[in-house]
Asker: 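Okay, handing you the structure first.
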Amino acid sequence: MSGSVAQEPAIELRSLRKTYRKGKKTTVAVDGLDLVVPRGRVFGLLGPNGAGKTTTVEVCEGLTVPDSGSVRVLGRQWGTGNDQEIRERIGVCLQETKFHEKATVRETLELFATFYGNGRPVDEVLALVSLQEKADARESTLSGGQRQRLSVATALLGKPEMLFLDEPTTGLDPQSRRQLWEVVRSFRAGGGTIVLTTHYMDEAHQLCDQVAIIDHGKVIAEGTPAELIRSLGAEHFLEVDVDTFADKVRPADLRALPGARACEMTAVRAVLTVDSVHVVLPALQHLLSSRQVAIVGLATRDATLEDVFVHLTGRHLREDGKP
């Protein structure tokens, strides 16, 4: 493989557009989206339901044909005679996969292995996802986490260069989530590329080298998790609950505190975005005391990817409504 080919992105999308029509209604799912996914990375796609991330992933997987735009996956284009080659080089794990309930784990993997000419041995894949002890168990007896690891195992059988994981840990217990995280890290350590969609911000922060936030069919922010958090202009939040602010303290008073960047306020609660908690806190306590406002609760926390999303769009990741 030449150096130029080795450096070619795993995915390159330019001016991607996809609309859906139902009767007289037209929905723009992807609206001129540009995205580049480097090789050898875990790349996260974040966004609320309806943002366009699933359609974007389905286009990359060859499941959906775009209306317009350029789509390159591992240096190839769907629909130009390269479809079979692309399919053999990628692995796809849907959020939920139905298997034959009476088939054993081994029988399921042996069936999927027949789809590939030169795939991994079943026992090797069982070890990759830590399902050796369940090899002879029927699918119907598996836990949710084990079933999801089986789904990932089917995606690994063909020795893919790139994995698409669509919310792979939704509904799983913490231990099962961590086990799947280790599968992701192992695949990346072997040089593989992963495109991950998730609603869990801790998961994106832990696993992703790079993140793109999609809303209304466009990429609205992109970078490493740390870069996106720094883009807020401050990395900490100070949350204070009071008996009542009434007319004693206004948002402008809180924003004027030393080290405060922004403030969201209700009648009994304020959330300050701050540079340094130890600078703002004494000034906040002095202000509230002098205005005879009683503090009933106080907490600090670090900024998260969800804070970035709310800052950019005005809504939380699981909300479906418009900002």
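Please read all numbers here as calculations on a predicted model, not as lab measurements. Computed from heavy atoms alone, side chains included, the values below leave out hydrogens, waters and symmetry copies. Residue indices begin at 1 and follow the sequence shown.
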Asker: Is there a side-chain contact between Asp243 and Val293, using heavy atoms and a 4.5 Å cut-off?
Answerer: yes

Asker: What is the distance from atom CG of Leu45 to atom CG of Leu35, rounded to the nearest 0.5 Å?
Answerer: 6.0 Å

Asker: Is any side-chain heavy atom of Leu288 closer than 4.5 Å to a side-chain heavy atom of Phe245?
Answerer: yes

Asker: For Ala267 and Val242, which heavy atoms make the closest approach, and how far apart are they?
Answerer: O-CG2, 4.3 Å

Asker: For the residue pair Phe187 and Thr193, what are the closest heavy atoms and their distance?
Answerer: CE2-O, 3.4 Å

Asker: What closest approach, in Å, do Val152 and Cys93 show between heavy atoms, and which atom pair accounts for it?
Answerer: CG2-SG, 3.8 Å

Asker: For Tyr116 versus Thr154, what's the shortest heavy-atom pair and its separation?
Answerer: OH-O, 3.9 Å

Asker: Examine Leu284 and Met265 and state if one hydrophobic cluster contains both, with Ile, Leu, Val, Met, Phe, Trp and Tyr joined whenever side-chain heavy atoms are less than 4.5 Å apart.
Answerer: yes

Asker: Do the side chain of Arg17 and the main chain of Gly69 share a donor and acceptor less than 3.5 angstrom apart?
Answerer: no

Asker: Quick check with a 6.0 Å cut-off and a 45 degree axis cone: is Arg177 positioned over the face of Tyr200's six-membered ring?
Answerer: yes

Asker: Only one of Val129, Asp123, Leu150 forms a side-chain contact (heavy atoms from CB on, under 4.5 Å) with Leu109, so which one is it?
Answerer: Leu150

Asker: Does Arg188 form a salt bridge (Lys or Arg N to Asp or Glu O under 4.0 Å) with Asp209? I'd like the steps, not just the answer.
Answerer: CA-CA 10 Å; Arg188 180 194 180 280; Asp209 302 298; 2.7 Å; yes

Asker: So, do Leu46 and His199 sit near enough that their side-chain heavy atoms are less than 4.5 Å apart?
Answerer: no

Asker: Find the distance between CG (Leu165) and CD (Gln148) and round it off to the nearest 0.5 Å.
Answerer: 8.5 Å

Asker: So does Leu33 get a backbone contact from the side chain of Lys218, meaning a donor-acceptor N/O pair under 3.5 Å?
Answerer: no

Asker: Would Ile86 and Leu63 show up in the same hydrophobic cluster when neighbours are defined by side-chain heavy atoms closer than 4.5 Å?
Answerer: no

Asker: With sequence neighbours left out, what residues match Ala260 under side chain to side chain contact (heavy atoms under 4.5 Å, CB included)?
Answerer: Leu257, Leu272

Asker: With the threshold set at 4.0 Å, does a side-chain nitrogen-carboxylate oxygen contact exist between Asp31 and Lys18?
Answerer: no

Asker: Are Asp253 and Lys248 close enough, and set up right, to give a salt bridge (Lys or Arg N to Asp or Glu O under 4.0 Å), and what steps lead you there?
Answerer: CA-CA 10 Å; Asp253 298 326; Lys248 302 174 184 177; over 6 Å; no

Asker: For a side chain to side chain donor-acceptor pair (under 3.5 Å) check, start with the C-alpha distance between Glu203 and Trp181, then their side-chain angles and the critical distance, and finish with the verdict.
Answerer: CA-CA 8 Å; Glu203 183 164 273; Trp181 287 10; 2.8 Å; yes

Asker: Looking at Asp83 and Arg76, is any side-chain nitrogen of the basic one under 4.0 Å from a carboxylate oxygen of the acidic one?
Answerer: no

Asker: Please say whether more than 12 non-hydrogen atoms of neighbouring residues, nucleotides or ligands are located less than 6.0 Å from CD in Gln132.
Answerer: yes

Asker: Below 4.0 angstrom, N of the basic side chain to O of the carboxylate: do Arg39 and Glu161 qualify?
Answerer: yes

Asker: Checking side-chain polar atoms at under 3.5 Å, does His236 have a donor or acceptor matched by the opposite partner on Asp302?
Answerer: yes

Asker: Who passes salt bridge (charged side-chain N to carboxylate O under 4.0 Å, His left out) against Lys134, sequence neighbours left out?
Answerer: none

Asker: Residues two or more places apart in sequence or in another chain: which of them pass side chain to side chain contact (heavy atoms under 4.5 Å, CB included) with Ser140?
Answerer: Glu101, Arg138

Asker: Within the 3.5 Å criterion, strictly below it, is a donor on Ser130 or Gln179 matched to an acceptor on the partner's side chain?
Answerer: no

Asker: Quick one: which of Leu94, Thr97, Val92 gives a side-chain contact (heavy atoms from CB on, under 4.5 Å) with Ser151?
Answerer: Thr97

Asker: Run the side chain to side chain contact (heavy atoms under 4.5 Å, CB included) test against Ala256 and tell me which residues pass, sequence neighbours left out.
Answerer: none

Asker: Considering non-hydrogen atoms only, spot the tightest contact between Ala246 and Thr244 and give its length.
Answerer: N-OG1, 3.1 Å

Asker: Could I get the full list of ring pair (Phe, Tyr, Trp, His ring centres under 6.0 Å) partners for Phe115, not counting sequence neighbours?
Answerer: Phe112

Asker: Could you state whether Leu128 and Val42 fall into the same hydrophobic cluster, counting links through intermediate Ile, Leu, Val, Met, Phe, Trp or Tyr residues with side-chain heavy atoms under 4.5 angstrom apart?
Answerer: yes

Asker: Are Leu13 and Leu196 connected into the same hydrophobic cluster when the rule is that any two of I, L, V, M, F, W, Y join if their side-chain heavy atoms are below 4.5 Å apart?
Answerer: no

Asker: Would you check if there is a donor-acceptor pair between the side chains of Asp136 and Thr104 at a distance under 3.5 Å?
Answerer: no

Asker: Drop me the distance from Leu131's CG to Thr108's OG1, to the nearest 0.5 angstrom.
Answerer: 11.0 Å

Asker: Quick test of your reading of the model: are Arg178 and Glu182 salt-bridged, counting only N-O distances below 4.0 Å?
Answerer: no

Asker: At what distance, to the nearest 0.5 angstrom, does CG of Asp215 lie from CD1 of Ile220?
Answerer: 5.0 Å

Asker: Examine Leu172 and Val105 and state if one hydrophobic cluster contains both, with Ile, Leu, Val, Met, Phe, Trp and Tyr joined whenever side-chain heavy atoms are less than 4.5 Å apart.
Answerer: yes

Asker: Please name all residues satisfying side chain to side chain contact (heavy atoms under 4.5 Å, CB included) with Thr27, sequence neighbours left out, ordered by chain then number.
Answerer: Lys25

Asker: Applying salt bridge (charged side-chain N to carboxylate O under 4.0 Å, His left out), name anything that partners Glu239, two or more places apart in sequence or on another chain.
Answerer: Arg269, Arg301

Asker: For Asp34, enumerate each residue passing the salt bridge (charged side-chain N to carboxylate O under 4.0 Å, His left out) test, keeping only those at least two apart in sequence or located in another chain.
Answerer: none

Asker: Tell me every residue that passes salt bridge (charged side-chain N to carboxylate O under 4.0 Å, His left out) with Arg14, counting only those two or more places apart in sequence or in another chain.
Answerer: Glu12

Asker: Supply the members, apart from Val268, of the Ile/Leu/Val/Met/Phe/Trp/Tyr cluster built from side-chain contacts under 4.5 Å; use none for a lone residue.
Answerer: none

Asker: Can you list every ring pair (Phe, Tyr, Trp, His ring centres under 6.0 Å) pair that touches residues 20-43, not counting sequence neighbours?
Answerer: none

Asker: Other hydrophobic cluster members with Val296, side-chain heavy atoms of Ile/Leu/Val/Met/Phe/Trp/Tyr under 4.5 Å, chained?
Answerer: none

Asker: Taking C-beta and beyond as the side chain, do Asp166 and Val57 meet within less than 4.5 Å on heavy atoms?
Answerer: no

Asker: Would Glu167 and Thr197 count as a side chain to side chain donor-acceptor pair (under 3.5 Å) here? Give the steps.
Answerer: CA-CA 5 Å; Glu167 300 187 27; Thr197 67; 4.8 Å; no

Asker: Nearest 0.5 Å, please: how far is CD in Glu222 from CD1 in Ile213?
Answerer: 10.0 Å

Asker: Is any side-chain N of the basic residue among Glu61 and Arg87 closer than 4.0 Å to the acidic one's carboxylate O?
Answerer: no

